Undergrad: 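The structure's right below; bear with me while I get my questions together.
On a predicted model such as this, the values are computed, not experimentally measured, just so you know. Start at 1 with the first residue, then count along the sequence.
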Amino acid sequence: MRADLLFDPADGLDEALAAVDAFDAALVGGLLRPQPGRAAGVVELADAVAGTPLAARVAEAADKTVAGAAGEDHFVALAAARAALLGSVHDALTARVTEVVGRPVAEEAAPGGAGGADHAANLLAAARSWLSDLARAGWQGIDHELVGGAAPVVSAMLPDPALRRQATLLDGFAAELAASCPGATLERIPVRRWADLWSRALLLTLPGATGTPAAETATGRLLPLGIDVQEHATAVQAQVHAVFEPADGGAPRLVRAAASAPKPDTVVGAGLWQLLRPHLSLLTAVGEGRAMDLDAMPVTAEGDLIWDDAHARMGEPADSLATARVALPTAVAAATAPLDRHPARIAVPVLLEGYEAEQDDDGVAFRIAGHRLPVDTDRIPAAGPLTAEAVATSGTCIALLRWDAGEFHAQPLAVERTVRKKAVAVHAGAWAGGTTDKAGVRAEKAATGAVDALRERAGRLLRK
């Protein structure tokens, strides 16, 4: 692993991000009648894609926006330009990571058919209209009336499975905006985040945007590496990163399997697993340190397993650190779907060894090849025994390599450290299948009471 390459600058990266930042600044004040200083950001975005197939449409969109006459099609063009620039950043960083880890990457799959049915075109148009109104008002111009315009659109989209992805994104985006109204009084605005959500939501309203290549099937052995837990006040997701070894002797592949569930804000810590276990038996395998045998499990070209317990059974014991040492180096990474090409979505499983862990006022870091690789301990879930202290005293780490705020950093999934002259592994997902750990048992017990109480209340409401 050529870790030193992680710290070399990438050509053109700063310029691409500067153009994105300039456009994002214009969105703060709104695109209805942008002030000259903000209008320059729109022009800078157009200039950044001048040598691409988007050039003519984005240049027209920029001119119309500066003149205060932009329509939905123009906002879509600007969102596409922004996504293209961030996609180029993603590709440059991914190429650097590929060079660092030395793993092959699968060829990009052919795009699939259009997502969503014809009858949904009016709902997608309504979503575009609302997002266009947001762009005109800007983040400083949002109020409850404007943000509330998303509610009927989301309500109409949610019952349709083909539109649930867009509906969930719009719902979450609107909820964040509603919690920040009125925009004129905001002291801090999450400029990059809201621009990301706006542009992604707008592009997902286009015909065919959610089309995906037909899923293949996977038959063979699944070797888990670790679990990434993503928690929100009203939802939680556990994503298992693993190596899949095909039964036909083909090259091993990097894959993911995820389970999501809505949650009340009273369920936290280890209690999250109670919400997720019914949806993904793989969590039990991870918690017990076992492999799983798959039989014709659907898997997308992007490496996402469409989990179905009918196609899986518990396998033999499998140590994730051994998997990382033996199987991970030759595992083929899946290509990334076009709309998912964003630097924030980079999450590459790696095995880090031979580093010196250090902890100071700036947090935990690994000293590798003379360079400081920051460790994102904030991403370590409270729903497991892994802690920042364990990471800071480790010598081996399975991590997701991510990029944020201009640099790469590591998100620990598991570490190995020496305790009383013995190597001891600590996994972030060790409690996924249940635990005898005292802290974990207490958290599970507290969550059980909260979940039971909520189910009883829900039952009473339904009986009425």
Undergrad: Is it true that, when you exclude Arg136 itself, more than 12 heavy atoms of the residues, nucleotides or ligands shown sit nearer than 6.0 Å to its CZ?
TA: yes

Undergrad: Counting C-beta onward and ignoring hydrogens, is there a side-chain heavy-atom pair between Asp160 and Leu123 closer than 4.5 Å?
TA: no

Undergrad: If you draw a 6.0 Å radius around CG in Asp11, do more than 12 non-hydrogen atoms from other residues or ligands fall strictly inside?
TA: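 At most 12 heavy atoms, drawn from other residues, nucleotides or ligands, come within 6.0 Å of this atom.
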
Undergrad: Using 0.5 Å steps for rounding, measure from the CD atom of Glu389 to the OG atom of Ser394.
TA: 12.0 Å

Undergrad: Looking only at non-hydrogen atoms, find the nearest pair between Ala327 and Leu223 and report the distance.
TA: CB-CD1, 4.5 Å

Undergrad: Is there a donor-acceptor pair closer than 3.5 Å between any side-chain N or O of Arg164 and the backbone N or O of Leu158?
TA: yes

Undergrad: Please report the shortest heavy-atom distance between Ala251 and Val332, naming the atom on each side.
TA: CB-CG2, 4.1 Å

Undergrad: What closest approach, in Å, do Ala296 and His311 show between heavy atoms, and which atom pair accounts for it?
TA: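 So the minimum-distance heavy-atom pair works out to O-ND1, 3.3 Å.
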
Undergrad: Are the side chains of Glu72 and Ser129 in contact, using a 4.5 Å heavy-atom criterion?
TA: yes

Undergrad: Check whether any side-chain heavy atom of Ile346 lies under 4.5 Å from a side-chain heavy atom of His90, and answer yes or no.
TA: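 Side chain of Ile346 against side chain of His90, heavy atoms only: contact under 4.5 Å found.
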
Undergrad: Using 4.0 Å as the upper bound for N to carboxylate O, is an ion pair formed by Arg193 and Glu176?
TA: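 The answer is yes: the pair qualifies as a salt bridge.
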
Undergrad: Between His74 (side chain only) and Gly71 (backbone N and O only), is there a donor and an acceptor less than 3.5 Å apart?
TA: yes

Undergrad: Could you walk me through whether Arg379 and Asp404 satisfy the salt bridge (charged side-chain N to carboxylate O under 4.0 Å, His left out) test, starting with their C-alpha distance in whole Å, then the side-chain angles of each, then the deciding distance to 0.1 Å, before giving a yes or no?
TA: CA-CA 13 Å; Arg379 284 184 177 265; Asp404 188 28; over 6 Å; no

Undergrad: Does the pair Arg96/Asp8 count as a salt bridge with the N-to-O cut at 4.0 Å?
TA: no

Undergrad: Without swapping roles, check the side chain of Gln166 against the backbone of Thr205 for a donor-acceptor pair under 3.5 Å.
TA: no

Undergrad: Would you say CD of Glu15 has more than 12 non-hydrogen atoms from neighbouring residues, nucleotides or ligands within 6.0 angstrom?
TA: yes

Undergrad: Compare all side-chain heavy atoms of Val89 with those of Leu85 and state whether any distance is below 4.5 angstrom.
TA: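 Val89 vs Leu85: side chains apart.
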
Undergrad: Atom CH2 in Trp431, atom CG in Leu283: separation rounded to 0.5 Å?
TA: 15.0 Å

Undergrad: Carefully, step by step, assess Arg372 and Asp360 under the rule salt bridge (charged side-chain N to carboxylate O under 4.0 Å, His left out).
TA: CA-CA 12 Å; Arg372 186 180 188 275; Asp360 53 29; 3.4 Å; yes

Undergrad: If you measure from the Lys or Arg side-chain nitrogens to the Asp or Glu carboxylate oxygens, is any gap between Arg192 and Asp21 under 4.0 Å?
TA: yes

Undergrad: Go through the steps for Asp73 and Arg57 under the test salt bridge (charged side-chain N to carboxylate O under 4.0 Å, His left out), then give the verdict.
TA: CA-CA 9 Å; Asp73 290 345; Arg57 294 189 65 177; 5.7 Å; no

Undergrad: When rounded to the nearest 0.5 angstrom, what is the spacing between CG in Leu282 and CG in Leu305?
TA: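 Nearest 0.5 Å value for the CG-CG distance: 8.0 Å.
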
Undergrad: Go through the steps to decide whether Arg103 and Thr98 satisfy the test side-chain contact (heavy atoms from CB on, under 4.5 Å), and finish with yes or no.
TA: CA-CA 6 Å; Arg103 289 199 295 264; Thr98 299; 5.9 Å; no

Undergrad: Look up atom CG in Asp308 and atom CG in Leu294, then write down how far apart they are to the nearest 0.5 Å.
TA: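 Output value for this atom pair is 11.0 Å.
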
Undergrad: Any non-hydrogen side-chain atom of Leu352 less than 4.5 Å from a side-chain atom of Leu401?
TA: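 Not in contact.
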
Undergrad: Between atom CD of Glu145 and atom SG of Cys181, what is the distance when rounded to the nearest 0.5 Å?
TA: 11.0 Å

Undergrad: Within the structure provided, determine whether His144 and Leu146 are in side-chain contact (heavy-atom separation under 4.5 Å).
TA: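 No, side chains not in contact.
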
Undergrad: Any chance you could measure Leu5, atom CG, to His371, atom NE2, to the nearest 0.5 Å?
TA: 9.0 Å

Undergrad: Which atom pair, heavy atoms only, marks the closest approach of Pro412 to Asp376?
TA: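 What the structure gives for the nearest pair is CD-O, 3.9 Å.
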
Undergrad: So Phe23 and Trp198, would you call those rings parallel, tilted or perpendicular, with 30° and 60° as cut-offs?
TA: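 Ring orientation of Phe23 relative to Trp198: tilted.
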
Undergrad: Apply the test salt bridge (charged side-chain N to carboxylate O under 4.0 Å, His left out) to residues Arg341 and Asp91: give CA-CA distance (whole Å), side-chain angles for both, the deciding distance (0.1 Å), then the verdict.
TA: CA-CA 7 Å; Arg341 287 188 166 113; Asp91 291 350; 3.2 Å; yes

Undergrad: Test your reading of the model: is there a side-chain donor-acceptor pair from His427 to the backbone of Gly429, 3.5 Å cut-off?
TA: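 Judged by distance alone, no pair lies under 3.5 Å.
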
Undergrad: Return the minimal non-hydrogen interatomic distance between Ala55 and Ala50, and the atom names on each side.
TA: CB-O, 3.2 Å

Undergrad: Is the closest side-chain heavy-atom distance between Trp307 and Ser281 below 4.5 Å?
TA: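 In contact.
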
Undergrad: Give the minimum heavy-atom separation between Ala61 and Ala77, together with the two atoms involved.
TA: CB-CB, 4.0 Å

Undergrad: State, yes or no, whether a side-chain contact exists between Phe75 and Leu202 at a heavy-atom distance under 4.5 Å.
TA: yes

Undergrad: Name each donor-acceptor pair under 3.5 Å that joins a side chain in residues 27-45 to protein atoms two or more places apart or in another chain, with its distance.
TA:
unit_1	atom_1	unit_2	atom_2	d
Arg38	NH1	Ala25	O	3.3

Undergrad: When you check the side-chain N and O atoms of Trp194 and Asp196, is any donor under 3.5 Å from an acceptor?
TA: no

Undergrad: Do the rings of Phe173 and Trp130 sit parallel, tilted or perpendicular, given the 30° and 60° boundaries?
TA: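 It falls in the perpendicular class, over 60°.
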
